[in-house]
Colleague: 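Below is one structure. I have some questions about it.
As the structure is a computational prediction, the values presented were derived from the model and not from experiment.
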Amino acid sequence: MRISRVGHVKVTSKELSSITLIGDSVAITPRTNVLAVQRERPHYLGQEGDLQQFPFYEQPMPKLAARSAGPELFARNNSPFIDVGSLRILGLSASAVLHIGSTSFIDAESRVKHIRQLLSVEESEQEEA
């Protein structure tokens, strides 16, 4: 076991299931589902935001194949401390993890669906007129 010692951490922005953790953990499993709709002509229809309309969010996430047992790892740490002087993070988003310490298991998942709704040629011409 090692002890985390941190002098200074500044995180300016943290959103969408982001985690900042100093110390040890057993498991970290952040999850984020995002629907981003960008329109050339902004207007709200009243029915946006229902993620159930998109099977993308429910599909099983592909997992990496389990590694076969390899050689046993032996690590010797010269210091019982994890020392961090200073960190400056501008932003963490969409299941990002800032972790200073030890963990046994991390499984982060972020699903983002981008939709861009552009005007047709006819609509663009009408906008210009």
Side-chain angles (χ1 to χ4, degrees):
M1 182 172 109
R2 297 176 77 193
I3 297 170
S4 300
R5 297 189 305 191
V6 180
H8 177 79
V9 174
K10 179 180 180 181
V11 178
T12 303
S13 175
K14 209 170 87 164
E15 300 177 10
L16 300 173
S17 189
S18 297
I19 295 171
T20 301
L21 175 64
I22 299 172
D24 297 337
S25 64
V26 174
I28 301 173
T29 57
R31 300 283 186 268
T32 303
N33 289 332
V34 176
L35 176 62
V37 179
Q38 182 181 25
R39 295 188 172 118
E40 197 167 2
R41 180 189 306 144
H43 62 283
Y44 179 68
L45 301 175
Q47 301 299 319
E48 289 93 354
D50 182 10
L51 301 183
Q52 293 178 348
Q53 297 177 36
F54 304 97
F56 160 79
Y57 294 105
E58 299 299 323
Q59 294 172 350
M61 184 64 76
K63 300 287 183 187
L64 294 173
R67 290 189 240 169
S68 61
E72 187 174 328
L73 173 67
F74 175 77
R76 187 179 92 207
N77 298 308
N78 293 330
S79 170
F81 301 103
I82 298 171
D83 285 310
V84 176
S86 180
L87 284 175
R88 181 174 164 255
I89 308 293
L90 293 179
L92 298 170
S93 183
S95 298
V97 176
L98 168 60
H99 186 203
I100 302 168
S102 300
T103 192
S104 298
F105 178 79
I106 296 177
D107 182 20
E109 181 178 305
S110 179
R111 296 179 187 221
V112 180
K113 175 81 174 168
H114 285 274
I115 300 173
R116 289 183 174 80
Q117 297 175 342
L118 303 175
L119 297 175
S120 67
V121 173
E122 294 83 20
E123 291 172 317
S124 289
E125 290 172 352
Q126 290 175 359
E127 290 276 319
E128 292 174 6

Colleague: Between Thr103 and Ser25, does a side chain to side chain donor-acceptor pair (under 3.5 Å) hold up when you go through it step by step?
Modeller: CA-CA 5 Å; Thr103 192; Ser25 64; 2.8 Å; yes

Colleague: Same cluster or not: Val11 versus Ile22, using hydrophobic residues (I, L, V, M, F, W, Y) connected whenever any side-chain heavy atoms lie under 4.5 Å apart?
Modeller: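 Yes.
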
Colleague: side-chain hydrogen bond (donor to acceptor under 3.5 Å, both in side chains) with Gln38: which of Arg116, His114, Gln117?
Modeller: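 Exactly one candidate clears the test, Arg116.
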
Colleague: Return yes when atom CD of Gln59 has more than 12 non-hydrogen atoms of other residues, nucleotides or ligands closer than 6.0 Å, and no otherwise.
Modeller: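 Count over threshold, so yes.
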
Colleague: Is the closest side-chain heavy-atom distance between Phe54 and Asn33 below 4.5 Å?
Modeller: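 A side-chain contact under 4.5 Å is absent here.
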
Colleague: Quick one: does Thr12's side chain have a donor or acceptor within less than 3.5 Å of a partner on Gly91's backbone?
Modeller: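 No: the side chain of Thr12 does not pair with the backbone of Gly91.
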
Colleague: Can you tell me how far apart CD1 (Ile3) and OG (Ser102) are? Round to the nearest 0.5 Å.
Modeller: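 Atom-to-atom, Ile3:CD1 and Ser102:OG are 11.0 Å apart.
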
Colleague: What are the two closest heavy atoms between Ser4 and Gly101, and how far apart are they?
Modeller: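 In terms of heavy atoms, the two residues are closest at OG-CA, 3.4 Å.
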
Colleague: To the nearest 0.5 Å, tell me how far Glu58 CD sits from Gln52 CD.
Modeller: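 Interatomic distance, Glu58 CD to Gln52 CD, rounded to 0.5 Å: 7.5 Å.
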
Colleague: Treating Ile, Leu, Val, Met, Phe, Trp and Tyr as nodes and any side-chain heavy-atom pair under 4.5 angstrom as an edge, say whether Phe56 and Val34 lie in one connected cluster.
Modeller: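 They do not share one cluster, since no chain of ILVMFWY contacts under 4.5 Å joins Phe56 to Val34.
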
Colleague: Going hydrophobic residue to hydrophobic residue with side-chain gaps under 4.5 angstrom, can you get from Val84 over to Leu98?
Modeller: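 Yes, Val84 connects to Leu98 through the hydrophobic network.
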
Colleague: Step by step, work out the side chain to side chain contact (heavy atoms under 4.5 Å, CB included) result for Gln53 and Leu51.
Modeller: CA-CA 5 Å; Gln53 297 177 36; Leu51 301 183; over 6 Å; no

Colleague: Please check this pair: side chain of Arg31 against backbone of Asp107, looking for a donor-acceptor N/O pair closer than 3.5 Å.
Modeller: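 Such a contact is found between Arg31 side chain and Asp107 backbone.
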
Colleague: About how many Å separate CZ of Arg111 and CD of Glu109, when rounded to the nearest 0.5 Å?
Modeller: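 Answer for the CD-CZ pair, Glu109 versus Arg111, is 4.0 Å.
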
Colleague: For the CD1 atom of Ile106 and the NE2 atom of His99, what is their distance to the nearest 0.5 Å?
Modeller: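 These two atoms lie 6.5 Å from each other.
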
Colleague: From Ile100 CD1 over to Ile82 CD1, what is the distance, rounded to the nearest 0.5 angstrom?
Modeller: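 Answer rounded to 0.5 Å: 9.0 Å.
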
Colleague: Keeping Ser95 on the side-chain end and Thr32 on the backbone end, is there a donor-acceptor pair under 3.5 Å?
Modeller: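 Judged by distance alone, yes, a pair lies under 3.5 Å.
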
Colleague: May I ask whether Leu21 and Ile89 are part of the same hydrophobic cluster, defined by side-chain heavy atoms of I, L, V, M, F, W, Y residues being less than 4.5 angstrom apart, directly or through others?
Modeller: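 Leu21 does not cluster with Ile89.
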
Colleague: Quick check on the hydrophobic clustering: are Leu92 and Val6 connected, directly or via other members, by side-chain heavy-atom contacts under 4.5 Å?
Modeller: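 Leu92 and Val6: one cluster.
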
